[in-house]
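Worksheet for the structure shown next.
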Amino acid sequence: MRVLLIEDEKKVAEFVARGLRAERMAVDVAEDGTVGWELAGTGHYDLVILDLQLPGLSGTEVLRRLRRQARPVPVLILTARAGMEDKVEHFEAGADDYLTKPFAFAELLVRAKALLRRGTPDRASVLRVGDLEVDRLTQQVRRGGKRIELTSKEYALLEYLTANAGRVLSRTMIIEHVWDQSFEGLTNIVDVYVRHLRSKVDAGPGGKLIRTVRGVGYSVSEGGEEG
Ligand code: CA
């Protein structure tokens with residue numbers, strides 16, 4: 001899951017981003033409305049968390065622009081303003097939920113997760129490829145019914161591959177989706193993590209599911225092979 005947080009208050013942004021990353025989400029942070037809109041407009045996000053009072057474009061304007069786009073991304077508004085009129089105005093403008101500062105992270109998380117679920121009605125909560133099961137609600141992974149322990153990044157990588165089973169995903173696509181924008185490492189980080197994943201997921205007798213497509217990237221499918 002990839003979240004865009006548009007928030008100019010550094011302390012709030014850090015606190016929210018840290019919490020979401022601990023929940024295995026990839027989080028990009030924009031500190032003003034203009035950059036926020038540039039990122040949001042790419043359509044790469046599963047959820048946008050949007051402060052209203054921002055330098056550059058206002059949160060209200062970012063919301064209006066987002067709602068003129070074809071792809072409906074859920075938007076959670078974050079603001080110090082608590083007036084009922086404001087809420088009505090922003091719900092009418094297309095906000096999906098509203099959280100007034102100060103808030104507890106636990107409340108933000110519950111609302112964010114609800115929006116992520118609602119925003120993806122076509123996606124099953126349990127992804128299956130062969131005897132592999134990835135439960136997106138509990139974040140548990142099983143093969144042949146046996147639980148597999150993964151780190152946060154390994155899980156995020158496997159979820160992305162499995163959600164796109166049968167499709168070949170390039171290293172760039174994987175980095176963009178699984179790692180934060182702030183990630184500036186080498187693209188071979190993907191190869192390193194795929195190797196870790198294989199040692200946990202493809203080590204058993206059930207056959208290989210993670211396939212290397214030479215010169216392109218990776219794919220998860222039944223009847224895969226070691227690359
Ligand atoms: Ca602000």
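Ligands are counted one by one from 1 in listed order, and the atoms in each one are counted from 1 as well. On a predicted model such as this, the values are computed, not experimentally measured, just so you know. Along the sequence shown, residues are numbered consecutively beginning with 1.
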Passing option when Val178 is tested against Met1, Lys153, Glu159, Met173 for side chain to side chain contact (heavy atoms under 4.5 Å, CB included): Lys153
Same cluster (ILVMFWY, side-chain, under 4.5 Å), Phe103 and Val29: yes
same_hphob_cluster(Phe15, Leu99) at 4.5 Å side-chain heavy-atom cutoff: yes
Closest non-hydrogen atom pair, Glu61 against Arg68: OE2-NH2, 4.1 Å
Whichever hydrophobic residues join Val216 through chains of side-chain contacts under 4.5 Å: Val168, Val213
Lys113 bridged to Asp97 by N-O distance under 4.0 Å: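 No, no charged N to carboxylate O under 4.0 Å.
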Tally of protein N, O or S atoms, where distance to the Ca ion (ligand 1) is under 3.0 Å: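 Count of protein N, O, S atoms less than 3.0 Å from the Ca ion (ligand 1): 3.
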